[in-house]
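Structure, as structure tokens:
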Amino acid sequence: MVKICCIGAGYVGGPTMAVIALKCPAVEVVVVDISVSRINAWNSDQLPIYEPGLDDVVKQCRGKNLFFSTDVEKHVYEADIIFVSVNTPTKTRGLGAGKAADLTYWESAARMIADVSKSDKIVVEKSTVPVKTAEAIEKILTHNSKGINYQILSNPEFLAEGTAIADLFNPDRVLIGGRETPDGKKAVQALKDIYAQWVPEDRIITTNLWSAELSKLAANAFLAQRISSVNAISALCEATGANITEVAYSVGKDSRIGPKFLNASVGFGGSCFQKDILNLVYICECNGLPEVANYWKQVIKINDYQKSRFVNRVVSSMFNTVSGKKIAVLGFAFKKDTGDTRETPAIDVCKGLLGDKAAISIYDPQVTEDQIQRDLSLNKFDWDHPIHLQPMSPTAVKQVSVSWDAYEATKGAHAICILTEWDEFKELDYERIYDNMQKPAFLFDGRNVIDLEKLRAIGFIVYAIGKPLDPWLKDMPAVA
Ligand code: UDX
Ligand code: UDX
Ligand code: ADP
């Protein structure tokens with residue numbers, strides 16, 4: 001029986017291993033983590049992450065060929081294949097701070113593997129890491145090898161949160177990078193055999209190590225770039241009276257461009273896009289390619305611009321001040337169908353509104369008050385450290401309240417900001433909400449989820465990203 005151990009029971013490691021266990025009943029999969037609370041949650045009825053379909057998969061395999069454990073060393077020792085799926089935060093200090101990846105957790109996992117292994121291992125890089133990380137890890141392992149043969153593979157994960165299970169069941173491609181030596185090829189084949197249990201052969205791509213690592217960074221950079229492109233055009237739509245939905249639809253109909261990932265928004269979030277682009281930028285700079293670095297940097301600049309543009313729009317529409325006004329925020333997660341808030345645009349928007357002394361009342365169906373308070377208090381990039389290593393719990397932000405009900409959150413509010421595209425926001429009783437708000441009642445839709453005409457007919461002054469402006473908003477001072 002092939003034994004797999006995955007180090008890191010997070011958003012990537014957990015779902016990916018659960019699906020491997022489901023699809024490969026003859027393989028034993030153990031997911032290990034240093035966080036006791038996380039492992040306890042994986043072993044309970046309340047999994048640590050919200051992901052549609054995940055509960056079902058875990059229930060089918062847990063205790064059969066899928067296990068969650070904190071006994072990291074034992075399971076690494078026993079495994080044939082070790083996936084490493086630990087945090088790779090952005091460095092906050094020292095060389096490359098604010099850009100380079102902090103490989104502390106990766107390195108400590110590699111050293112631990114070297115310490116406890118007594119048999120040959122295939123070590124698979126699953127976290128997105130900078131190009132050439134595999135080489136560095138290989139050095140740590142081989143310099144401490146005690147005669148053990150280590151094969152390093154790069155097998156980046158392309159699942160998106162909210163659709164992780166569907167993405168894993170039916171991936172566009174599986175990418176496996178390895179050394180082009182006989183042993184390297186054998187290791188690639190061993191991993192290929194696992195995925196081939198359910199993924200068609202022609203979707204399993206094999207490349208060299210560096211191509212696999214770079215493909216992941218490039219794919220995320222391309223996806224983020226599409227969003228920044230459509231968001232940049234959304235600003236021009238508002239200035240000229242074009243409608244971003246019509247423009248994006250027309251552009252996406254070109255089969256060379258394609259219709260996906262062209263939804264204008266208040267900005268992209270999530271644990272990957274910004275981090276991976278910053279990494280790409282850093283690698284380009286280190287390789288003497290400042291023009292290329294600047295090109296990709298612009299994708300992040302437009303994303304930051306889109307978030308501050310939204311805040312400016314809110315403030316300027318409301319007579320240039322939100323001081324003391326209640327603003328209801330609907331949606332805090334970085335996208336729908338997840339409770340994940342890492343790099344969510346809601347953090348920057350809320351901080352912007354708080355900077356103008358607004359009182360914010362937040363509702364998200366999957367995000368807890370604790371999480372929101374932590375997010376609004378942490379410094380940039382601090383979120384990506386295991387919870388027990390994060391700075392001590394800071395004092396709660398007083399002007400922020402969190403409620404478990406959209407009607408409660410919007411009661412008495414001067415304005416509503418929709419920051420996540422949860423389906424339920426389309427179905428709310430906006431007449432009832434309007435009746436309970438201060439007048440004029442403003443609604444700022446950062447995700448283009450509401451029916452503009454309907455809400456305007458109710459009486460709301462509505463702003464939606466990239467849509468022709470209400471006469472009211474046109475009369476307000478230009479947005480910087
Ligand atoms: C373009 C648009 O494709 C077309 O829809 C519009 O109506 C007019 O402008 P055209 O300039 O005729 O058409 O050719 P196109 O095939 O788009 O190529 C433009 C340039 O891009 C060429 O120099 C081509 O060699 C180059 N190119 C294209 C690349 O370098 N790489 C590619 O992958 C594709
Ligand atoms: C992304 C990649 O899609 C995935 O392949 C990779 O493995 C990890 O990073 P994820 O961050 O989970 O996945 O979600 P994704 O669906 O890509 O959305 C990222 C952000 O972009 C979200 O904030 C989302 O709301 C935003 N987005 C997405 C838009 O603003 N407009 C779009 O058209 C699509
Ligand atoms: P991702 O979204 O990439 O899955 P997460 O932050 O959700 O990232 O998960 C990474 C997990 O890795 C965390 O649960 C963290 O506790 C765990 N981790 C980090 N370093 C180690 C280590 N050396 N050994 C075991 N687990 C680790």
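Read the numbers this way: they start at 1 and go in the same order the structure lists the ligands and their atoms. As the structure is a computational prediction, the values presented were derived from the model and not from experiment.
Using a 4.0 angstrom heavy-atom cutoff, K216 counts as in contact with ligand 2. Ligand 2 is approached by R447 to a heavy-atom distance shorter than 4.0 Å.
Nearest approach of A224 to I277, heavy atoms of both residues: CB-CD1, 3.6 Å. Nearest heavy-atom pair across Y150 and I113 is OH-O, 3.8 Å. Minimum heavy-atom separation, C237 to G466: CB-O, 3.4 Å. Here the closest heavy-atom approach between residue I227 and residue S265 is recorded as CG2-OG, 4.1 Å. V329 and C350 make their closest contact through CG2-SG, 4.1 Å (heavy atoms, listed as atom of the first residue, atom of the second, distance).
The N/O atoms of G270, backbone and side chain alike, include none that comes under 3.5 Å of an N/O atom in ligand 2. Ligand 1 has no nitrogen or oxygen under 3.5 angstrom from a nitrogen or oxygen of D254. Of the polar atoms of Y11, at least one N or O is found under 3.5 Å from an N or O of ligand 3, judged by distance alone. Any N or O atom pair closer than 3.5 Å counts here, and N87 shares at least one such pair with ligand 3.
Near L223, meaning under 4.0 Å from one of its heavy atoms, ligand 2 places the atoms 3 (O). Below 4.0 Å from some heavy atom of G10 lie the following atoms of ligand 3, by number and element: 4 (O), 5 (P), 7 (O), 9 (O). Interface atoms of ligand 3 facing S108, defined by a heavy-atom separation under 4.0 Å, are 23 (N). Heavy-atom proximity to Y105, at under 4.0 Å, picks out these atoms of ligand 3: 20 (N). For ligand 3, the atoms sitting less than 4.0 Å from at least one non-hydrogen atom of I7 are 24 (N), 25 (C), 26 (N), numbered in the order shown with element in parentheses. Residue L262 has at least one heavy-atom neighbour below 4.0 Å for each of these atoms of ligand 2: 33 (O). Listed by atom number, the atoms of ligand 3 under 4.0 Å from S85 heavy atoms are 10 (C), 12 (O).
Under the 4.0 Å criterion applied to side-chain N and carboxylate O atoms, K216 and E125 are not assigned as salt-bridge partners. Between K126 and E157 a salt bridge is recorded (basic side-chain N to carboxylate O distance below 4.0 Å). Salt-bridge check for E343 with K275: failed, with every basic side-chain N at 4.0 Å or more from each acidic carboxylate O.
Nearest to atom 5 (O) of ligand 2 by heavy atom, out of F158, F268, F261, is F158. For atom 20 (N) of ligand 3, the choice among V76, V86, D340 with the nearest heavy atom turns out to be V86. Compare T420, N448, T344, N263 by their heavy atoms: the one nearest to atom 32 (C) of ligand 2 is in N263.
Annotation: cation-pi pair K23/Y195 absent, no NZ/CZ under 6.0 Å from the ring centroid and within 45° of its normal.
A 6.0 Å sphere centred on CD of E73 holds no more than 12 heavy atoms belonging to other residues, nucleotides or ligands. The environment of F222 atom CZ is sparse: at most 12 non-hydrogen atoms of other residues, nucleotides or ligands sit within 6.0 angstrom. Taking a 6.0 Å sphere around CG of D202, one finds it holds more than 12 heavy atoms contributed by other residues, nucleotides or ligands. For CZ of F158, the number of neighbouring non-hydrogen atoms (other residues, nucleotides, ligands) closer than 6.0 Å is greater than 12.
Residue, atom and distance of the protein heavy atom nearest to atom 1 (C) of ligand 2 are F273 CE2, 3.5 Å. The protein atom (non-hydrogen) at minimum distance from atom 12 (O) of ligand 2 is E161 N, 2.7 Å. With respect to atom 16 (O) of ligand 2, the closest heavy atom belonging to the protein is K335 NZ, 2.8 Å. Counting protein heavy atoms only, atom 20 (C) of ligand 2 is closest to G269 O, 3.5 Å. The nearest heavy-atom contact from the protein to atom 11 (O) of ligand 2 is F334 CE1, 3.4 Å. Ranking the protein heavy atoms by distance from atom 28 (C) of ligand 2 puts I227 CD1, 3.5 Å first. Protein heavy atom nearest atom 30 (O) of ligand 2, with residue, atom name and distance: S265 OG, 2.6 Å. The single protein non-hydrogen atom nearest to atom 15 (P) of ligand 1 is R256 NH1, 4.8 Å, given as residue, atom name and distance. Taking atom 7 (O) of ligand 2 as the reference point, the nearest protein heavy-atom neighbour is L159 O, 2.9 Å.
In this structure, atom 3 (O) of ligand 1 has protein heavy atoms in its sub-4.0 angstrom surroundings.
Between F68 and W42, the angle of the ring planes stays under 30°, which puts this pair in the parallel group of the 30/60° scheme. Note: F442 and F444 have parallel aromatic rings, judged against thresholds of 30 and 60 degrees for the angle between ring planes.
Under the side-chain contact (heavy atoms from CB on, under 4.5 Å) test applied with W422, the options L428, V449, D337 reduce to a single match, D337. Under the salt bridge (Lys or Arg N to Asp or Glu O under 4.0 Å) test applied with D348, the options K380, R309, K307 reduce to a single match, K307.
Counting heavy atoms under 4.0 Å from ligand 2, residue C272 touches it through the side chain alone. Only the backbone of E157 comes within 4.0 Å of ligand 2, judged by heavy-atom distances. Residue-level proximity to ligand 2 for V230 is absent, since no heavy atom of it falls below 4.0 angstrom. Of all the heavy atoms of K126, none lies under 4.0 Å from any atom of ligand 3, so neither backbone nor side chain is involved. At a 4.0 Å heavy-atom cut-off, ligand 3 touches V12 through backbone and side chain alike.
Looking at S377 and V397, their side chains come closer than 4.5 Å, going by heavy atoms from C-beta outward.
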